[in-house]
Amino acid sequence: YIPLDPRPEATEITELSQLRSVELRVSVNSLTVKEIKSLAIDPKTYIVGEIDYTNAKIGASFIVGDEIVKVNDTIPSSFIHLSKLLAKEGETAVVVKRRAFITAPGHTRVQAAMTALKLTVQKKYSYQVVTCKKMPYDIFLTTSFGFTAENVTVAKNIKKFVVAEINGNTAAEKYF
């Protein structure tokens, strides 16, 4: 584990390959061919390339960058095999490898945050929830991961932060 550097002027950048990742299980009901195509899964690496946030099932389960490792405890042998496993009837357990501290926000949460910012949800964009610690006296959160965030009120008495700037040549630039 390589901790984030809390110094606002930090110049060290954590290599993307060294950021902590976890394997976790997400459950979804069988996916249609259209839903599987909407994930834009790379046929060689099984990494999710896009999310359709208008689809609640997809938006609540996957994020861009998820690497699909297993489906119903089966390691896919090919992209066609993976597609067939995802399309099976009933509840499907998908094990994904994902950056630690990242969760799928789902359509409702993305919509609420974007409305608070007076923006609209756009297709082919990635929205993620990143868990970070911020001191109460900080106005901005800046890390060597490569982004600056600012506070936003999503709903009454619910404060979150939204990435305000992606710094160039950083892990955030590559990841986001």
> Can you find a heavy atom in the side chain of E35 that is under 4.5 Å from one in the side chain of I58?
Replying inline: yes
> Side chains of L82 and I68: closer than 4.5 Å at any heavy-atom pair?
Replying inline: yes
> Is I75 atom CD1 crowded by more than 12 heavy atoms from other residues, nucleotides or ligands, each under 6.0 Å away?
Replying inline: no
> Can you tell me how far the NZ atom of K44 sits from the OG atom of S78, to the nearest 0.5 Å?
Replying inline: 13.5 Å
> Are any non-hydrogen side-chain atoms of V64 and I47 less than 4.5 angstrom apart?
Replying inline: no
>> How long is the straight-line distance from CD1 of I41 back to CD of E50, given to the nearest 0.5 Å?
In response: 11.0 Å
> Salt bridge check: are D52 and K57 linked by an N-O gap of less than 4.0 Å?
Replying inline: no
> Does one hydrophobic cluster hold both V26 and I51, with members joined at side-chain heavy-atom distances below 4.5 Å?
Replying inline: yes
> For F79 and Y46, which heavy atoms make the closest approach, and how far apart are they?
Replying inline: N-OH, 3.6 Å
> Could you give the distance from OG (S21) to CG (D66), rounded to the nearest 0.5 Å?
Replying inline: 11.0 Å
> Could you go step by step and tell me if H81 and T74 meet the side-chain contact (heavy atoms from CB on, under 4.5 Å) rule?
Replying inline: CA-CA 10 Å; H81 184 219; T74 302; 3.7 Å; yes
> side chain to side chain contact (heavy atoms under 4.5 Å, CB included) with V48: which of I63, D42, L39?
Replying inline: L39
> In terms of heavy-atom contacts, does CD of E89 have more than 12 from other residues, nucleotides or ligands at under 6.0 Å?
Replying inline: no
> Under 3.5 Å, is there a donor-acceptor pair between the side chain of N72 and the main chain of A93?
Replying inline: yes
>> Contact between D73 and R25 at the side-chain level, heavy atoms closer than 4.5 Å - yes or no?
In response: yes
> With L31, which of V94, T92, N55, I36 fulfils side chain to side chain contact (heavy atoms under 4.5 Å, CB included)?
Replying inline: I36
>> Would you compute the distance between atom OH of Y53 and atom OG of S38 and round it to the nearest 0.5 angstrom?
In response: 11.0 Å
> Do L86 and V28 belong together in a cluster built from hydrophobic side chains that touch within less than 4.5 Å?
Replying inline: yes
> With a 4.5 Å limit on heavy-atom distance, are the side chains of L24 and K97 in contact?
Replying inline: no
> What closest approach, in Å, do S61 and S27 show between heavy atoms, and which atom pair accounts for it?
Replying inline: OG-O, 4.0 Å
> So, for S30 and A87, which heavy atoms are closest and what is the spacing to 0.1 Å?
Replying inline: CB-O, 3.8 Å
> Between NZ of K70 and CD of E23, what distance do you get to the nearest 0.5 Å?
Replying inline: 7.0 Å
> In Å, rounded to the nearest 0.5 Å, how long is the span from CG of L85 to CD1 of I80?
Replying inline: 12.0 Å
